[in-house]
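Each remark here refers to the structure printed beneath this line.
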Amino acid sequence: MSEPYALLIVGAGPAGLAAARAFRAAGGSGRVALVTDERRMPYSRPPLSKELLREEMHEDELLIEEETWLDEQRVDLIGGEAMRLEPNRHELLLSGGRVLEYRVCLVATGSEPTRLPVPGADHPGVRTLRSLDDLRELKRRLEPGTPVTVIGSGFIGCEIAASLRLLSHPVALISDESAPNVARLGEQAAAEITAWLSDLGVVLQLSTAVEAIERVSGRLRVLGGQHPAEAVVVIMATGVAPRGELAGLAGAALADGAIATDERLHTSLPGLLAAGDVAAAVNTTAGRRLRVEHWGDALGQGEVAGRIAAGEDQTWAAVPGFWSTIGRHTLKYAAWGDGFDETRFEPGRDGAFTVWYGRDGRLVGVLTHDDDSAYERGRDLIAEGAAWR
């Protein structure tokens with residue numbers, strides 16, 4: 001067997017790529033590899049539900065690094081599915097039987113879309129949107145004017161519904177929430193999002209639990225509530241689950257399916273780190289373990305992991321945050337993500353607004369629309385543990 005990889009990264013998403021970059025930036029030597037079951041260079045996923053779905057950008061623009069980066073940074077890109085970790089031997093078994101040795105392994109396998117446990121959820125016309133292949137298959141089914149039903153009113157569901165309306169598709173959005181994102185963002189912010197979707201012509205069926213999906217006369221009928229929704233394509237945007245099974249089967253401690261780590265992203269197994277959507281990591285600023293599903297935080301955790309692997313002393317301390325674009329409206333949100341008991345809505349000019357979130361007398365979150373200064377100030381205040389006032 002050849003020399004072990006100094007850093008073997010399972011997953012070529014934002015966390016994995018950031019780790020490889022940071023390892024080299026910190027002076028890490030030795031062999032580095034990214035293992036990817038998609039068998040392509042790392043690419044940006046946020047545009048999948050927005051600009052790329054709306055055909056406002058080309059697939060080539062998704063690439064985060066060109067192939068020449070691999071040679072420049074001395075990184076191998078290995079296509080294959082990770083089947084089993086052997087932590088005692090520091091080995092990773094790939095599909096096809098290939099075995100890779102490592103000194104440090106980073107699991108950055110991300111998460112995968114969930115489907116509601118209802119009859120018809122696995123019909124070929126019921127799609128999810130997480131990868132470039134998912135988008136290609138979805139677009140293959142979307143002739144001009146194809147009716148679409150979106151299930152789920154989280155950020156991805158709202159983004160998809162708005163993007164399809166901008167392409168003039170008839171769109172219905174079904175959710176068991178009383179308003180889009182009301183559980184996460186509160187009633188006033190949810191009312192703003194509701195207005196944006198309604199103005200675009202999205203038909204909202206709220207407070208509706210999906211009971212089944214059936215095929216009737218060449219269409220898919222979503223059952224639930226008083227008025228079943230019929231469409232040619234159904235898109236399920238009902239959340240994601242961490243892909244923690246690789247580390248879990250190897251004996252790593254899990255937390256609700258995610259890989260539990262300390263503030264330095266070490267798992268319970270020697271030589272094994274985890275970062276990104278798949279990790280439930282201790283945040284030193286929050287003082288507790290968090291799991292976040294944000295692109296920027298995956299980049300940040302990946303950088304910490306790469307520098308740790310190179311021998312530096314780093315911790316994950318950033319306040320989690322992300323952006324979402326619903327139609328032509330961009331929201332910026334930063335929060336610890338484990339709830340609030342007070343909100344304050346501050347309207348601005350020309351539709352701008354800021355929502356502040358408090359819990360137990362402390363500022364724990366901020367949401368802004370067209371107010372970047374409030375967003376940046378809010379992140380700083382949250383990190384400081386500012387009092388609610």
Side-chain angles (χ1 to χ4, degrees), residues 46-47 49-51 53-54 56-57 150 152-166 171 173 175 177-204 206 237 285-286 292-297 299-300 318-389:
S49 58
K50 299 183 282 289
E51 295 91 345
L53 178 57
R54 298 194 298 261
E56 295 172 358
M57 66 183 298
V150 177
S153 61
F155 287 106
I156 297 299
C158 292
E159 290 173 2
I160 293 171
S163 291
L164 291 174
R165 278 302 301 144
L166 289 172
V171 178
L173 185 147
S175 174
E177 288 193 286
S178 60
N181 273 294
V182 67
R184 172 179 276 181
L185 303 180
E187 293 183 1
Q188 289 172 294
E192 296 287 335
I193 297 173
T194 299
W196 297 342
L197 294 171
S198 296
D199 289 346
L200 285 171
V202 176
V203 177
L204 297 170
L206 303 172
T285 305
V292 295
E293 301 167 358
H294 314 330
W295 182 266
D297 291 295
L299 289 170
V319 176
F322 68 97
W323 299 4
S324 174
T325 301
I326 299 172
R328 303 304 182 190
H329 300 277
T330 296
L331 292 168
K332 298 184 179 182
Y333 177 66
W336 293 127
D338 45 10
F340 55 88
D341 53 32
E342 296 183 86
T343 65
R344 184 171 66 250
F345 183 91
E346 296 179 353
R349 300 175 62 180
D350 300 323
F353 63 82
T354 299
V355 186
W356 302 94
Y357 301 89
R359 181 175 181 177
D360 297 331
R362 295 289 175 185
L363 180 69
V364 297
V366 62
L367 173 76
T368 66
H369 174 239
D370 287 346
D371 193 342
D372 291 350
S373 62
Y375 175 74
E376 297 299 334
R377 185 172 76 256
R379 291 195 77 169
D380 291 341
L381 291 171
I382 295 166
E384 292 168 10
W388 176 259
R389 57 184 183 274

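- Sorted by first and then second residue, the pairs that involve residues 329-341 and meet salt bridge (charged side-chain N to carboxylate O under 4.0 Å, His left out), not counting sequence neighbours, are Arg288-Asp338, Lys332-Asp372, Asp338-Arg359.
- Across all their heavy atoms, Glu159 and Ser49 have their closest contact at OE1-OG, 2.6 Å.
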Report all side-chain donor-acceptor pairs from residues 380-389 shorter than 3.5 Å, counting only partners two or more places apart or in another chain.
| unit_1 | atom_1 | unit_2 | atom_2 | d |
| --- | --- | --- | --- | --- |
| Trp388 | NE1 | Glu342 | OE1 | 3.0 |
| Trp388 | NE1 | Glu342 | OE2 | 3.4 |
| Arg389 | NH1 | Ala387 | O | 3.4 |

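- Heavy-atom minimum distance, Ala335 versus Gly365: CB-CA, 3.7 Å.
- Side-chain contact check for Phe345 versus Pro347: some heavy-atom pair is nearer than 4.5 Å.
- Residues Ser178 and Leu206 are not in side-chain contact: their nearest non-hydrogen atoms beyond the backbone lie 4.5 Å or more apart.
- By the ring-ring contact (aromatic ring centres under 6.0 Å, His included) test, Phe340 pairs with Tyr357, sequence neighbours left out.
- In terms of heavy atoms, Trp336 sits closest to Ala318 at CZ3-O, 4.1 Å.
- In terms of the salt bridge (charged side-chain N to carboxylate O under 4.0 Å, His left out) criterion, Arg377 has no residue partners (sequence neighbours excluded).
- Residues Cys158 and Leu197 meet the side-chain proximity criterion, which asks for heavy atoms closer than 4.5 Å.
- Contact between Val202 and Ala161 at its shortest, heavy atoms only, is CG2-O, 4.0 Å.
- Just one of Phe322, Tyr333, Phe155 meets the ring pair (Phe, Tyr, Trp, His ring centres under 6.0 Å) condition when paired with His294; it is Phe322.
- For Trp356, the side-chain hydrogen bond (donor to acceptor under 3.5 Å, both in side chains) partners two or more places apart in sequence, or in a different chain, are Glu346.
- Of all heavy-atom pairs spanning Val319 and Ala334, the tightest one is CG1-CB, 4.3 Å.
- Between the CG atom of Leu185 and the OG atom of Ser324 there is a distance of 9.0 Å, given to the nearest 0.5 Å.
- Evaluation of the ring-ring contact (aromatic ring centres under 6.0 Å, His included) rule for His329 yields Trp196, His369 as partners, not counting sequence neighbours.
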(message) Could you go through Leu53 and Ile160, starting from their C-alpha distance and side-chain angles, then the distance that decides it, and tell me whether this counts as side-chain contact (heavy atoms from CB on, under 4.5 Å)?
(response) CA-CA 8 Å; Leu53 178 57; Ile160 293 171; 4.3 Å; yes

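- Looking only at side-chain heavy atoms (C-beta outward), Leu166 and Leu200 come within less than 4.5 Å of each other.
- Take Glu51 and apply the salt bridge (charged side-chain N to carboxylate O under 4.0 Å, His left out) test, not counting sequence neighbours, and it matches no residue.
- Here Ser163 contributes atom OG and Glu56 contributes atom CD; the two are 7.5 Å apart, rounded to the nearest 0.5 Å.
- For Asp370, the side chain to side chain contact (heavy atoms under 4.5 Å, CB included) partners two or more places apart in sequence, or in a different chain, are Ala352.
- Residues that satisfy the side chain to side chain contact (heavy atoms under 4.5 Å, CB included) test with Leu299, not counting sequence neighbours, are Pro14, Ala18, Trp295.
- The CG atom of Leu173 lies 6.0 Å from the CG atom of Leu204; values are rounded to the nearest 0.5 Å.
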(request) Go through Val171 and Val150 one step at a time and tell me if the side-chain contact (heavy atoms from CB on, under 4.5 Å) criterion holds. (result) CA-CA 7 Å; Val171 178; Val150 177; 4.2 Å; yes

(message) The test is side-chain contact (heavy atoms from CB on, under 4.5 Å); show your working for Leu367 and Tyr375 and say whether it passes.
(response) CA-CA 7 Å; Leu367 173 76; Tyr375 175 74; over 6 Å; no

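- For Thr325, the side chain to side chain contact (heavy atoms under 4.5 Å, CB included) partners are Lys50, Thr330, not counting sequence neighbours.
- Arg349 pairs by the side chain to side chain contact (heavy atoms under 4.5 Å, CB included) definition with nothing, not counting sequence neighbours.
- Sorted by first and then second residue, the salt bridge (charged side-chain N to carboxylate O under 4.0 Å, His left out) pairs involving residues 177-199 (not counting sequence neighbours) form an empty list.
- When all heavy atoms are compared, the tightest approach of Val355 to Ala189 is CG2-CB, 4.3 Å.
- A heavy-atom distance below 4.5 Å is found between the side chains of Ile193 and Leu331.
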